[in-house]
Amino acid sequence: MRSSMYRVFFVCAAVTALTAVATFTNQLHADDATDNREQERKVRLEYLTQKAKEFKMSPASRQDRLLSFEERPVLRYTNPVRNFFTDGVVFLWRHDSKPDLPGAPALLGAPALLGAPALLGAPALLGALSVRGNGDVFCEFASLTSSPLHCDLGLRRTWTPEKTTQVDVPLKVQISNVNDERRQLLAMRQLIRRFSVRMSEADNPEQKKELRRLSNPLVQWSDSASGSSAMCFGFAETNDPEALVLLRYTPNSNAKGGSWTYTLSRMTSRPLVFELDQQAIHEVKAYWKNPQSDNDSYLERRLGEYSAE
């Protein structure tokens, strides 16, 4: 009887030990996989950042003056719904706020002082660069400004966006006491709730799904000289922005109060419907099923195949 008990004890101990070894080994493999994935994400970020730095973006009227590129991305995302291990980065290009000559007025009316810290210019472009599941590298760009741009992306044809619609559209707002920047930005977080975006597939435009608004704005900007400010919000299916709504407040120069405007931009090739107060205000059709122009305010292109070397 005692020997049988010993045998049972040893068998149980052996099973427990093997289970512990297997669990530890699996954990090591899981940790290795996580470390490899994080290392690959780091390599991809460096690769996509270098790609973005090679682009030459400028105002159409001043091609000798490049837009200011922010190397730190405004968003990193994956899109597990559309592609396996998609790694995407959203970058921002701004109008240059530096003057041509010392003491000359800067863009946006901000004063230029020698030795003063660099002023942030108004947002001009948002660009998403991604390595998709099959290894293809894609870019998606959306213009946020009515100023014509000249963009050399290393493609066969230069992209020259001219945003002529759904830019700086007047917005009726009944919010008072927004004289300072903090109140303006708080008001924008309230106003964005009036907007919604629905997306559909190119082959089934009637079946629409509502996109979720990302909790934090992609871009926040203010100009202390003019008193104007802006916020750009993204709407996503998962965590990849598919649509953009930019809200802007501009004080009146000779009266109290100010004016509110919104700018709508697509960040997907799929059909979209923008809504304000539950009423449709703008619709974009499937990008690849309709004629494209170099002057379109949205661009999607394949840049090549991913290579970390």
Side-chain angles (χ1 to χ4, degrees), residues 44-60 63 66-67 69-71 73-79 81-94 123-145 147-166 199-203 218 232 234-244 264-272 284-309:
R44 290 183 175 193
L45 175 59
E46 294 172 353
Y47 171 84
L48 294 173
T49 303
Q50 183 57 41
K51 276 277 187 187
K53 290 169 68 174
E54 294 171 359
F55 300 150
K56 295 179 175 60
M57 316 295 210
S58 64
Q63 296 179 29
L66 297 180
L67 299 178
F69 169 65
E70 294 196 357
E71 189 168 332
V74 300
L75 181 70
R76 289 206 69 186
Y77 65 86
T78 59
N79 193 330
V81 172
R82 299 290 172 177
N83 289 282
F84 173 71
F85 193 22
T86 293
D87 205 342
V89 188
V90 179
F91 291 108
L92 172 66
W93 283 260
R94 295 179 185 268
L125 280 174
L126 276 180
L129 277 69
S130 61
V131 179
R132 300 188 177 178
N134 59 1
D136 284 340
V137 180
F138 269 79
C139 68
E140 292 179 275
F141 280 93
S143 174
L144 302 175
T145 176
S147 301
L149 302 174
H150 183 276
C151 304
D152 183 357
L153 306 174
L155 302 172
R156 288 186 302 134
R157 297 166 62 177
T158 302
W159 180 47
T160 54
E162 295 183 8
K163 191 167 180 60
T164 57
T165 63
Q166 300 305 314
M199 184 178 75
S200 57
E201 299 300 325
D203 55 357
L218 298 173
C232 182
F235 291 78
E237 181 182 30
T238 54
N239 48 20
D240 173 6
E242 314 281 5
L244 307 171
L264 308 179
S265 299
R266 71 187 304 172
M267 277 290 279
T268 181
S269 58
R270 297 177 181 85
L272 296 174
V284 294
K285 299 186 181 300
Y287 180 71
W288 292 108
K289 288 191 174 184
N290 288 276
Q292 293 133 36
S293 166
D294 294 335
N295 302 126
D296 290 343
S297 60
Y298 168 79
L299 176 81
E300 179 177 352
R301 290 293 184 272
R302 180 182 182 273
L303 295 176
E305 191 171 338
Y306 171 63
S307 172
E309 297 179 359

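Computed from a predicted model, the values in this text were never measured in an experiment.
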**Prompt:** So, does R266 use its side chain to make a donor-acceptor pair with the main chain of S297 at under 3.5 Å?
**Reply:** no

**Prompt:** Can you tell me if S269 uses its side chain to pair, donor with acceptor, with the backbone of Y287 under 3.5 Å?
**Reply:** no

**Message:** Tell me the closest heavy-atom pair linking L153 and L303, and the distance in Å.
**Reply:** O-CD2, 4.4 Å

**Request:** Have a look at D294 and tell me which of R301, R157, R156 forms a salt bridge (Lys or Arg N to Asp or Glu O under 4.0 Å) with it.
**Result:** R157

**Prompt:** So which heavy atom on V90 is nearest to which on A128, and how close?
**Reply:** CG2-CB, 4.1 Å

**Asked** Atom CE in M57, atom CZ in R94: separation rounded to 0.5 Å?
**Response** 15.0 Å

**Residues in ring pair (Phe, Tyr, Trp, His ring centres under 6.0 Å) contact with F69, at least two apart in sequence or another chain** = F91, W93

**Message:** Under the rule for ring pair (Phe, Tyr, Trp, His ring centres under 6.0 Å), what residues qualify as partners of F235, not counting sequence neighbours?
**Reply:** none

**Request:** Over all heavy atoms of both residues, which pair between L218 and V74 is shortest? Give the atoms and the distance, please.
**Result:** O-CB, 3.4 Å

**Fill in**
What one should report as the nearest heavy-atom pair of K51 and L129 is CB-CD2, 3.8 Å

**Item:** Spacing of N295 atom CG and L149 atom CG [to the nearest 0.5 Å]
**Value:** 11.0 Å

**Asked** Can you name the nearest heavy-atom pair linking L144 to S265, along with the distance?
**Response** CD2-OG, 3.8 Å

**Message:** I want to check something: taking the side chain as every heavy atom from C-beta on, are L67 and P59 in contact at a cut-off of under 4.5 Å?
**Reply:** yes

**Fill in**
The residue among E237, E201, E140 that forms salt bridge (Lys or Arg N to Asp or Glu O under 4.0 Å) with R270 is E201

**Request:** Measure from the side-chain N and O atoms of E305 to the backbone N and O of G135, and report whether any donor-acceptor pair falls under 3.5 Å.
**Result:** no

**Prompt:** Would T49 and V89 satisfy side-chain contact (heavy atoms from CB on, under 4.5 Å), going step by step from the backbone distance to the final call?
**Reply:** CA-CA 8 Å; T49 303; V89 188; 5.5 Å; no

**Prompt:** Going by the angle between their ring planes, with limits at 30° and 60°, are F55 and F141 parallel, tilted or perpendicular?
**Reply:** perpendicular

**Asked** Is the closest side-chain heavy-atom distance between K289 and D203 below 4.5 Å?
**Response** yes

**Prompt:** Measuring from E162:CD to S147:OG, what's the distance to the nearest 0.5 Å?
**Reply:** 10.5 Å

**Message:** Closer than 3.5 angstrom, by distance alone: can the side chain of D152 be matched with the main-chain N or O of T158 as a donor-acceptor pair?
**Reply:** no

**Request:** Determine whether D87 and R76 make a side-chain contact, defined as any pair of heavy atoms from C-beta on separated by less than 4.5 Å.
**Result:** yes

**Asked** Which atom pair, heavy atoms only, marks the closest approach of R132 to S130?
**Response** NE-OG, 3.6 Å

**Request:** Evaluate the side-chain proximity of T165 to L264: yes if any heavy-atom separation is below 4.5 Å, no if none is.
**Result:** no

**Fill in**
dist L244:CG -> M267:CE (nearest 0.5 Å) comes out at 5.5 Å

**Prompt:** Would you say R44's side chain and Y47's backbone share a donor-acceptor pair under 3.5 angstrom?
**Reply:** no

**Nearest-0.5 Å distance, CG of residue L299 to CG of residue L155** = 7.0 Å

**Prompt:** With a 4.5 Å limit on heavy-atom distance, are the side chains of L125 and C151 in contact?
**Reply:** yes

